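Here is the structure we will look at, set down as structure tokens.
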Amino acid sequence: MARSKLASVPWTVLLSLVILFGCLVVPGVTVKHENFKKCSQSGFCKRNRALADDVSAKGSSWSSPYELDPSSIEFKDAQLQGMVIKTTSANEKVRLPLTVSFLESGAARVVLDEEKRMKGEIEIRHNSKARKERYNEAEKWALVGGLELSKSATLNSDTDTGYTKVLYGPDNKFQAIIRHAPFDVEFQRDGETHVQLNNKGYLNLEHWRPKVEAAEGDSQQVSESQEDESTWWEETFGGNTDSKPRGPESVGLDISFPGYSHVFGIPEHADSLSLKETRGGSGNHEDPYRLYNSDVFEYELNSPMTLYGAIPLMQAHRQGSTVGVFWLNAAETWVDIVKSTSSANPLSLGVGSKTTTESHWFSESGQIDLFVFLGPSPQDISKTYGGLTGYTQLPQHFAIAYHQCRWNYVTDEDVKEVDAKFDKYQIPYDVIWLDLEYTDDRKYFTWDPLTFPNPKGMNEQLDDSERKLVVLIDPHIKNQDKFFVSEELKSKDLGTKNKDGELYDGWCWPGSSNWVDCFNPEAIKWWKTLFKYDRFKGTLPNVFIWNDMNEPSVFNGPETTMPKDNLHFGNWEHRDIHNVNGITLVNATYQAMLERKKGEVRRPFILTRSYYAGAQRMSAMWTGDNQATWEHLAASLPMVLNNGIAGFPFAGADVGGFFHNPSKELLTRWYQAGIWYPFFRAHAHIDTRRREPYLISEPYRSIIAQTLRMRYQLLPAWYTAFHEASVNGMPIVRPQYYVHPSDEQGFAIDDQLYLAATGLLTKPVVSEGTTTADVYISDDEKYYDYYDYTVYQGAGKRHTVPAPMERVPLLMQGGHVIPRKDRPRRSSGLMRWDPYTFVITLDKNGNADGTLYVDDGETFDYESGAYIHRRFLFRESTLSSEDLGTQGPKTPGYLKAMADVRVEKVVVVDPPNEWQSKTSVTVIEEGAKEATSARIEYHAQQDGKASYAVVKNPNVGIGKTWKIEF
């Protein structure tokens, strides 16, 4: 919710500005580029790019100044340690400790640091209290496991003296080849090189050096080595000067993927799924992709510009192979991408030309700390990366249903009326949200006494329909006397400091504000107390939290954020920790939500705008302040898909667009796309017209209502997908290449998606006036239209699917059992005891399978066995239910509670013709004294539509083992 920054200035100033804007601004204002740096305005970005240009210009005459001292190499317990020596232009030898760790997961970790800074043998300028070391604590926030060292990694017995080789990974099929001079590393799988570090020679670790003060009157800015020092010691942008007490300290490295023409990941950017080149040329970007969490107002599309979140994970994919790298650095980071084509070389398994993608990563500070993943599948990358940073949380069940939000519902009576209107028009929803204005004068943890005098009564009405409330809590605290949160923050000394070590004061929604420093363990302890019911009065157990503006957004700061020379707990500079800043707040809020009341433990629900690797463990995210345009609707699909493959699948975009007013057609089509976002929320700016679904005229109202019911109908499949993501890191919605990794035609497709492993394939309509969709099918399975079972078949081509206004194009791949709940209810909580329907789409061999996961949807009792996890197999005309669960102490009680939840219908699509004469099927359930029968109806269809059969009321328990024999 970047919203107009005008909201926090006095109304007289606002009026003047409105008049001024009316004269100067044309409609469709977008991002203010002058507020954000381009690479040419960022000293370290410019320096690292210049190095790359210089190296490329010199070609074969260039020799990297980095060498690994062979005598320093030690290999023990799957860890190689040594000393890289950097020789400077003055022939100074800089010592850089290297550690390469080979992990049991098959990943490898490479860390390069700087000895002088590690030992504190440097001088800090400006009497700064900043730490002397390079920041080495990003892993405290990002990593939670997966660091176990390999039990089988060994030195290769090859005696080549110019290299050190290590065998590791599954069956030791991976190999790291570490060249000593110049230092570089190749990572091979099955004898073929897949990832190269410093192959281009762009490695750059800016070592510490003292500032040599120029003689008075000497304006020379270039050192003897001809390096441009103009941004080494301080840097000014937008009227703010960064003091840089440690001088230049950036790190850079080229990472190449030989034979790979597609790379994905490094969200968040409003761009295509397959990342573009960044060195200019037709269709390419001029600037690198930037990762520097920022409050970007009305962001633009098809851009490498930074947005609100940063996950420095990149996947490279080609036919039958996926590899990846994770750049663990929390500072401002830029990534250049260049693709080159060459004739086959000895390392290539194929013939002819091949494309190599060369990426160049550089960060302003910190260590070089990166993980290399050799796949070979996208699923392997997801699982290994998830093992490091954590799998997505299993949210409460309500969180995957529909959320209704705007800035702002203006009173508690307004909220209650909206709630009642949804019921009147029989439109389901689960959560209503309160933006900034619910607070008393923008003081968080308070309620406006005039507009929200009875929050408890409001929450009780919502609870009657098992609905929830989400309220906004941001990290900036209004700097005001007699405001208890402000007074405690100051008295306990828990705020972020400026460069002089004093409490930092900046400008945000409340005006003068201070920022809680959640790097401080004591700040987390204090933050947890604020959410308890006796302190955050008016909240009930059905109230959850939205952490916005946590980049952090600072209206009067450089690039709308904090000065980089601010200081956090432990005296780390803000430049070191900027990209993890947002998730420190989420972490504190998550812990707080676990402890609102002693003995009452529910899964937290938190939405965050700013994020980094690891945020998926604690929160959902959304793509920020989009616009009500067809182009922004289209862009939401690759943005959500990219977050999923980068390990953060609980992602969505503001349905309808945050800024401006969508047409009825656009709003309807956005709902039809939004039901395929894992996080599904409508949201709108304070200046937009109200657009709750019941306010939209017919036929759009009914179409939107029916669209919402489809999301609710498929909630069993969605919740099962969330469970899968929570145990193995798989994306919840998946791009084409992820599902069909060998079909090159599908690698760049990012306007259609699969829902997990259900076989559901959708291509939302994202252009005006469209009544058909061209859906690309990779495989030769049959695909069935969700609505009428029209058959589409034919691999490697597009199929025209009807897409009238009332229909979202949706196909079902043959071979799946899809769980549904078909009875419409007001909220998902009211569906808890409803019976299930199974839709079975038979594959070419007459088979199908699928899974279902169910638990109580709110507690952590599933960790003690209180869940149902079943696999459904259709083989040889028999549908069977098998238990995938593990027994725990709470299993019997949960199964007893669920004993009356049954299967009410089974639909078999494309059954054998001989079923036409069947009138009943045999049902065998565990524990039953004898088999029973259920009625079956066969429905013949023609004109390209598959026939189908319906078993009515087989009456088998959802948690039991059973068989239905056809």
Side-chain angles (χ1 to χ4, degrees), residues 1-4 7-8 398-399 401-425 427-474 509-510 536-540 542-549 605-607 609 620 622 625 628 652 654-662 667 671 674 679-696 701 704 708 826-827:
M1 179 176 74
R3 321 162 179 118
S4 170
S8 57
F398 77 81
Y402 174 57
H403 300 247
Q404 179 64 47
C405 183
R406 72 173 282 109
W407 177 29
N408 205 85
Y409 291 113
V410 294
T411 67
D412 50 18
E413 290 300 321
D414 187 12
V415 171
K416 289 157 76 172
E417 183 180 1
V418 171
D419 178 65
K421 286 284 181 66
F422 269 88
D423 287 349
K424 178 181 177 180
Y425 289 93
I427 301 173
Y429 92 100
D430 266 60
V431 193
I432 193 164
W433 291 55
L434 290 179
D435 210 319
L436 182 66
E437 314 305 339
Y438 79 92
T439 60
D440 180 10
D441 197 24
R442 300 184 173 179
K443 298 192 292 282
Y444 302 114
F445 304 101
T446 70
W447 300 88
D448 187 311
L450 298 178
T451 55
F452 287 86
N454 185 18
K456 187 167 182 261
M458 172 184 63
N459 290 324
E460 286 173 343
Q461 176 178 314
L462 295 173
D463 198 45
D464 286 343
S465 300
E466 297 213 27
R467 290 177 176 143
K468 320 297 178 187
L469 180 76
V470 173
V471 297
L472 184 81
I473 299 285
D474 289 350
W509 292 126
F536 194 179
K537 292 181 169 57
T539 59
L540 298 178
N542 66 334
V543 176
F544 297 86
I545 303 299
W546 175 12
N547 284 157
D548 199 354
M549 315 295 282
F605 171 75
I606 302 163
L607 180 72
R609 188 173 71 177
W622 91 110
D625 299 339
D654 284 346
V655 169
F658 180 66
F659 288 107
H660 316 305
N661 297 299
L667 182 63
Y671 270 98
F679 173 62
F680 177 32
R681 181 186 73 156
H683 188 34
H685 188 275
I686 198 169
D687 294 335
T688 62
R689 294 191 293 267
R690 295 285 282 255
R691 52 170 109 128
E692 288 73 24
Y694 54 78
L695 293 174
I696 312 304
R701 178 199 303 156
I704 291 171
L708 285 164
R826 290 177 292 160
S827 71

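Numbering starts at 1 and runs along the sequence shown. The structure displayed is predicted, hence computed values, not measured ones. All heavy atoms count here, side chains included; hydrogens, waters and symmetry mates do not.
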[X]: which residues meet the side chain to side chain donor-acceptor pair (under 3.5 Å) condition with it, sequence neighbours left out?
X: W433; result: H403
X: N547; result: T589
X: S465; result: R826
X: R690; result: D414, E692

Can you tell me which residue among V431, L462, N459 is in a side-chain contact (heavy atoms from CB on, under 4.5 Å) with R467?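 Among the candidates, only L462 passes.
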Out of L472, V410, N408, which residue meets the side-chain contact (heavy atoms from CB on, under 4.5 Å) rule with E437?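 Per the side-chain contact (heavy atoms from CB on, under 4.5 Å) rule, the option paired with E437 is N408, out of L472, V410, N408.
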Within-4.5 Å side-chain heavy-atom neighbours: [X] and [Y]:
X: V543; Y: V471; result: yes
X: Y409; Y: D419; result: no
X: F398; Y: N542; result: no
X: V655; Y: W622; result: no

For residues 448-458, which side-chain donor-acceptor pairs fall under 3.5 Å, sequence neighbours excluded?
| from | atom 1 | to | atom 2 | distance (Å) |
| --- | --- | --- | --- | --- |
| D448 | OD1 | L450 | N | 2.8 |
| D448 | OD1 | T451 | N | 3.2 |
| N454 | OD1 | G457 | N | 3.0 |
| K456 | NZ | E460 | OE2 | 3.3 |

Side chain to side chain contact (heavy atoms under 4.5 Å, CB included) with A684: which residues, sequence neighbours excluded?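 For A684 the side chain to side chain contact (heavy atoms under 4.5 Å, CB included) partners, ignoring immediate neighbours, are R406, T688, R691.
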Non-neighbouring partners of A620 that pass side chain to side chain contact (heavy atoms under 4.5 Å, CB included), sequence neighbours left out: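 Expected list: F605, L607, F650, F679.
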How long is the gap from CD1 on I427 to CD1 on I704, to the nearest 0.5 Å?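 Rounded to the nearest 0.5 Å, the CD1-CD1 separation comes to 8.0 Å.
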Please work out whether the ring planes of H683 and W546 are parallel, tilted or perpendicular, with thresholds of 30° and 60°.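 Judged by the thresholds at 30° and 60°, the geometry between H683 and W546 is perpendicular.
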All ring pair (Phe, Tyr, Trp, His ring centres under 6.0 Å) counterparts of [X], not counting sequence neighbours:
X: F680; value: Y402
X: F422; value: Y429, Y694
X: Y444; value: H476

Set of residues satisfying salt bridge (charged side-chain N to carboxylate O under 4.0 Å, His left out) with respect to D430, sequence neighbours excluded: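 By the salt bridge (charged side-chain N to carboxylate O under 4.0 Å, His left out) rule, D430 matches no residue at all.
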